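Numbering of ligands and ligand atoms starts at 1, following listing order. Being a predicted model, the structure only gives us computed values, none of them experimental.
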Amino acid sequence: MNKYILGGAGVFIVVGVFFFTSRSELWTTTTNDAGIFGSNDTTTNLVVYTNDGFNPAELTVKAGTEVTFLNQSDIKMWMASAPHPTHTLYPDFDEKTYVTKGGSYSFTFNKVGTHSYHNHMQLGKYGKIIVE
Ligand SMILES: [Cu+2]
């Protein structure tokens, strides 16, 4: 009698673990689809800065679009428009400080045109945002 109760409990636990595992897999998949910035729309407006530079180095967006620059390099990242060091091409587009690895800077591009930028902390890494 006790043997049957124990066996029943075992099956219950196995089913329970399976159910829990499949549920958490479902949850993980949903999170990955949504991306760290919430939706597919915003992930396309992401520029990642690595030790090799900006990726994508050239991005075209519509006026009023927010672009996020994510620092995944080992270098400090200070986003600013050309030219260095005055940043007069698009003075508003100037982080005025820096973020380290894992940090990000978001800016809403309202001005139509080609906005060349660079990492103010490491000259030689360039990119451009084309606003239509
Ligand atoms: Cu600069």
Taking only distance into account, with no hydrogens and no angle test, what donor-acceptor pairs under 3.5 Å do side-chain atoms of residues 106-113 form with protein atoms, sequence neighbours excluded?
{"residue": "Ser106", "atom": "OG", "partner": "Thr68", "partner atom": "OG1", "Å": "2.8"}
{"residue": "Lys111", "atom": "NZ", "partner": "Leu89", "partner atom": "O", "Å": "2.9"}

Atom pairs and distances, donor-acceptor, side-chain atoms in residues 121-132, under 3.5 Å, two or more places apart:
{"residue": "Gln122", "atom": "OE1", "partner": "Tyr49", "partner atom": "OH", "Å": "2.6"}

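Residues forming a salt bridge (Lys or Arg N to Asp or Glu O under 4.0 Å) with Asp74 (at least two apart in sequence, or on another chain): Lys101.
Trp78 and Val99 sit in two unconnected hydrophobic clusters of ILVMFWY residues. Membership requires side-chain heavy atoms under 4.5 Å apart, directly or through other members. Phe93 and Tyr98 fall into different hydrophobic clusters, where Ile, Leu, Val, Met, Phe, Trp and Tyr residues are linked whenever their side-chain heavy atoms come under 4.5 Å apart, directly or through other members.
Within the protein, the N, O or S atoms lying under 2.8 Å from the Cu ion (ligand 1) are His84 ND1, His87 NE2, His118 NE2, His120 ND1.
Ser81 places no side-chain N or O within 3.5 Å of a backbone atom of Tyr117 that could act as its donor or acceptor partner.
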